[in-house]
Amino acid sequence: MNINASSTGEEIASMALAIHQLVNGLPFTMRTLNNPGVRIEEGKVLDYKYTGPILEKVLKTGEKNQEIPESGAYQGTPVVVVPLIEGGQIIAAMGVVDITQGIYSDIMEITKRPEELNDSRGGLK
């Protein structure tokens, strides 16, 4: 599989579906720098030409973003979006929609290993 900045929704769908399964079926979105991508829920691709405001933001900044979108398909629901970077260039953005209203993010924080807690909320100092 070769994913690049111009891959289409159809070309990234199999990878996105695999990640969707890894995150226990939470809604998952992904797009490349030059093309809209996929929106996946309940094991099915709902849209092959999807983009969202936080995906767009991460493509511009190249940094992880965790926030609640004010518009789009997941307006009002927390999302965590990360860039996919290859050779120092941003080629895609992918995100999990936290339909648990933040519990997913809290669990990720709670289950960190002790050595990872130094810079986290409630961590050892």
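In this structure, the side chain to side chain contact (heavy atoms under 4.5 Å, CB included) partners of Ser14, at least two apart in sequence or on a different chain, are Met1. Listed by chain and residue number, Met30, Thr32, Leu84 satisfy the side chain to side chain contact (heavy atoms under 4.5 Å, CB included) test with Ala92 (two or more places apart in sequence, or in another chain). Listed by chain and number, the residues in a side chain to side chain donor-acceptor pair (under 3.5 Å) with Asp47 amount to none (sequence neighbours excluded). For Gln89, there are no side chain to side chain contact (heavy atoms under 4.5 Å, CB included) partners two or more places apart in sequence or in a different chain. Residues passing the side chain to side chain contact (heavy atoms under 4.5 Å, CB included) test with Leu17 are Ile40, Val45, sequence neighbours excluded.
Interatomic distance, CG of Asn65 versus CG of Leu55, reported as 10.0 Å (0.5 Å rounding).
Judged as a salt bridge (charged side-chain N to carboxylate O under 4.0 Å, His left out), the pairs with a partner in residues 64-86 (not counting sequence neighbours) are, in order, Lys57-Glu67. Each side chain to side chain donor-acceptor pair (under 3.5 Å) pair with one or both residues in residues 18-30, not counting sequence neighbours, would appear here, but there are none. For residues 29-43, every residue pair satisfying the salt bridge (charged side-chain N to carboxylate O under 4.0 Å, His left out) rule, not counting sequence neighbours, is listed here: Arg31-Glu56, Arg39-Glu41. Sequence neighbours left out, not one pair with a member in residues 2-29 passes salt bridge (charged side-chain N to carboxylate O under 4.0 Å, His left out).
With Pro69 as the fixed residue, the side chain to side chain contact (heavy atoms under 4.5 Å, CB included) test singles out one of Val81, Thr77, Ile54, Val97: Ile54.
Annotation: side chain of Leu26 is in contact with side chain of Ile99 (closest heavy-atom distance under 4.5 Å).
Closest approach of Pro83 to Val58, counting heavy atoms only: N-CG1, 3.5 Å. Residues Tyr48 and Ala13 approach most closely at CE2-CB, 3.8 Å, considering heavy atoms.
Cluster annotation: Ile12 is connected to Val23 through the hydrophobic network of ILVMFWY side chains, with a link wherever side-chain heavy atoms come within less than 4.5 Å.
Here Ile85 is tied into one hydrophobic group with Leu33, Leu59, Ile90, each link being a pair of ILVMFWY side chains closer than 4.5 Å.
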- Message: Under the criterion side-chain contact (heavy atoms from CB on, under 4.5 Å), I'd like the reasoning laid out for Ser7 against Asn35: C-alpha separation, chi angles, the key distance, then a yes or no.
- Response: CA-CA 7 Å; Ser7 295; Asn35 284 305; over 6 Å; no

